[in-house]
Every structure is written in C-alpha cells, then in structure tokens.
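Every chain is numbered from 1, with letters handed out A, B, ... down the list of sequences.
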There are 2 protein chains.
Amino acid sequence: MQQEPGSGMREQALWMADRCLGRRIARLHRLVSRRFDAELRESGLTLPQFEVLSELALFDAPARPSEIAGWLGLERSTISRNLDVLTHRGYVRVAATSSTGRTTRVVVTEAGYHALAEAGPAWQRAQAWISGAVDADAVDALDRWLTALDLDQQRG
Amino acid sequence: MQQEPGSGMREQALWMADRCLGRRIARLHRLVSRRFDAELRESGLTLPQFEVLSELALFDAPARPSEIAGWLGLERSTISRNLDVLTHRGYVRVAATSSTGRTTRVVVTEAGYHALAEAGPAWQRAQAWISGAVDADAVDALDRWLTALDLDQQRG
DNA sequence: CCTCCTGTGGTGTATCTGCAACACTTGCGA
DNA sequence: TCGCAAGTGTTGCAGATACACCACAGGAGG
C-alpha cells in the first residue's frame, strides 16, 4: 500500500473474484441451460419456451403477459415475443384481447400440454443429470434463494 | 387415462413444470445477472467481462483462451470476442501469439486490476444483495453443485 | 366530462451468445 | 521425415435478450 499501489488493488481483485456469486451462478446457469437446450432440441422447445409454457400450465388460468414476466424474471418484451412463437405453434391461445387487439390473457392449449408431455423424456434426462449431482438440500437452498430474492425485489 | 388422454398429459406436464430445476436456475441467473449488470454498468463492465477478468486474475499466469472457456463454461468463440473487447480497453494483454497472429496466452494488465478494484463498490452492493438473501449453506450447496457437474461433464 | 398518471403490451435497436465451419498448430506414430 | 488425428483460435450466421421508447387502457381527481 505504501510503495505498491498495484499490490493492494490486486489483492482486492482476487478477493472479489474468488467469492463472486454472480460468477458462480452464471456458470451454473450456462451448464444447466446448455444441457436442457441440447436435450429439448429434438422436441423443438428451448428452455425459455419451456419455462413460459410451464408457468402458464401451473397457473392454470388465463394469465396476463406481465404476470408471466414477473414469475420468470423475464422482460415483458421477451415474453411478448416468446408468446408470439408459442401462439404461432399452437401451444398457447389468446384468451382475451383488448379493443385494439392487444392480448391481455393467454392460456395453454391442448397441443401445448401435449408438447410438454412429449418433451418429458428429454426433460427427465436433463433433470436427472442436474439433480443427481447433489443432494436435496441444494435444491431447497435454491428455492430459499429464489423466494428471498423475490420478496426483496418486490419491496425495493 | 381411459377416456381423457389430455388429463394424464396435463398431470405429467404440471409435475414436470413444478420441479424443473432448469427453470429455477435460469430465473435465479436472470435476477442475479440483471442486478450485477445494473450495478457494474457505471464501471463499464458487464458480468461476463467481469467473469473473464476475474478468472484470469485468479489464475495469475498467462492463460490460454480455451482454458478460460472451460473454467467459465463459456464457448471458445465467446471468450475470443470478450478478450478482444478487454484487450481493446487495455484490461488484458496478449502475452504470446503464434506465428499466424493467433493469441495463445493472455494476462491481466495493471489497468485490468485497476478496473476490477474500481468496480469494487458496485460489485459489493450486488454481492451483498444476493448473499444477504440466504444463509451460508446455500453458497456451499451452490459450490458443491458446480464441482459435481464439472466432474460429471469432464467424464462424459 | 375532461385531464393527468400509472401500468401494460408491443416494436426498434444494439448486443451478446452458441453453433457450425474454417485454418492452423501440435503431437504422435509409421 | 512424413502424414494423420486431435485440439485450438477465429469468423459467419442465426437466434434470443434487454433496454429505451411509444401507444393505449383504466382510474383518480378536478
């Protein structure tokens, strides 16, 4: 610190780099995302599309696009485009529109449920690979993390 | 299952959607990534750039691009482009090239360490937000997950 | 009834990533 | 020494995402 300003900087940089959570979570996401995409490719679904379809199926009622965006942590615009794709394929159906033609509520069609079911084996392979790598505690930790961050984000 | 083929499909789809790990990890990544990018923006670094710089700093020796790609779970091509950007900004320096001009080894420059240190406060805000959401066990679980998947991927 | 204002859906643009393909290098065995 | 195979850095291309922005809807208040 006295004669070597670079030395202190370097120390701090290493400390940050070593414990950076963003780095680790991003790496986990890339590993998992690639695996899911590779497995799901044969079914024609990407992971984000699978996510949208899943959330919509879980909600089990006509949902507004902005709701879906909030659940998934995705941008509203991204949801809008993904819904376009899914609607075009017949997996999702517009349940209500405003007077100007904007879609206000969407639901999963029978074909959508069928696509999800058809992706089952591929999904299971990816899921088994990931869940088999660790114990159940890790999954619980992941869920706690998500709910905590969600609550925190809603407040601020 | 007898007269309602859609019923069984729907059940399976909900089961998958509910426990899908890809969905949850992707959501966590989006939340975390957005936060880091937002905080780091003022320092001019994106999360991936920060990751590359960090790994390189941790390695503390001239590293080959493909090594970095392996550590981060990123594509070689993505590393190549990010290194271009970082080199152009002076944060990274090419330490060795082949006869055809390909970069074979890179190191962090003094300016790179300086950039990392300068991003410290912003990084700490994002890091505190995320790590403050859960207990230390979750971080351990995350690390276990990464090492397990990494080992599994190296084998096959 | 009108105006403001918040929230929402959609579009344009820039950027980034991965995949596929290419050129080159490195190391091994004939 | 000469191929041949595996690995590496780079680039073209297609796809997806986020941010900024715009147009519209639904209330609150005058």
Novice: So, R89(A) side chain and G44(A) main chain: donor-acceptor pair closer than 3.5 Å or not?
Specialist: yes
Novice: If only atom types and distance count, is the side chain of E67(A) paired as donor or acceptor with the main-chain N or O of R64(A) below 3.5 Å?
Specialist: yes
Novice: Determine whether V107(A) and L56(A) make a side-chain contact, defined as any pair of heavy atoms from C-beta on separated by less than 4.5 Å.
Specialist: no
Novice: What range of DNA chain C does chain A touch, first nucleotide to last, counting atoms under 4.0 Å from its heavy atoms?
Specialist: dT8(C) to dC19(C)
Novice: So F50(A) and W123(A), would you call those rings parallel, tilted or perpendicular, with 30° and 60° as cut-offs?
Specialist: parallel
Novice: State, yes or no, whether a side-chain contact exists between L142(A) and L21(B) at a heavy-atom distance under 4.5 Å.
Specialist: yes
Novice: Does any pair with a residue in residues 72-88 of chain B pass side chain to side chain donor-acceptor pair (under 3.5 Å), and if so which ones, sequence neighbours excluded?
Specialist: none
Novice: What parts of residues 56-90 of chain A reach DNA chain D, counting only heavy atoms under 4.0 Å away?
Specialist: L74(A), E75(A), S77(A), T78(A), R81(A), N82(A)
Novice: Taking the side chain as everything from C-beta on, heavy atoms only, tell me whether H114(A) gets closer than 4.5 Å to Y91(A).
Specialist: no
Novice: Please identify the 5'-most and 3'-most nucleotides of DNA chain D with any atom under 4.0 angstrom from a heavy atom of chain B.
Specialist: dT8(D) to dC19(D)
Novice: How far does CG of L116(A) sit from CG of L45(A), to the nearest 0.5 angstrom?
Specialist: 7.0 Å
Novice: Going by side chain to side chain donor-acceptor pair (under 3.5 Å), name the pairs with one or both residues in residues 45-61 of chain A, residues two or more places apart or in two chains.
Specialist: E51(A)-R30(B), E55(A)-R23(B), D60(A)-R10(B)
Novice: Are the side chains of D18(A) and L14(A) in touch, meaning some heavy atoms are under 4.5 Å apart?
Specialist: no
Novice: Does anything in residues 40-55 of chain A reach DNA chain C, meaning a heavy atom under 4.0 Å, and if so which residues?
Specialist: none
Novice: For P65(A) and T103(A), which heavy atoms make the closest approach, and how far apart are they?
Specialist: CG-O, 4.0 Å
Novice: Within this structure, what is the CG-CZ distance for the pair L72(A) and R24(B), rounded to the nearest 0.5 Å?
Specialist: 13.0 Å
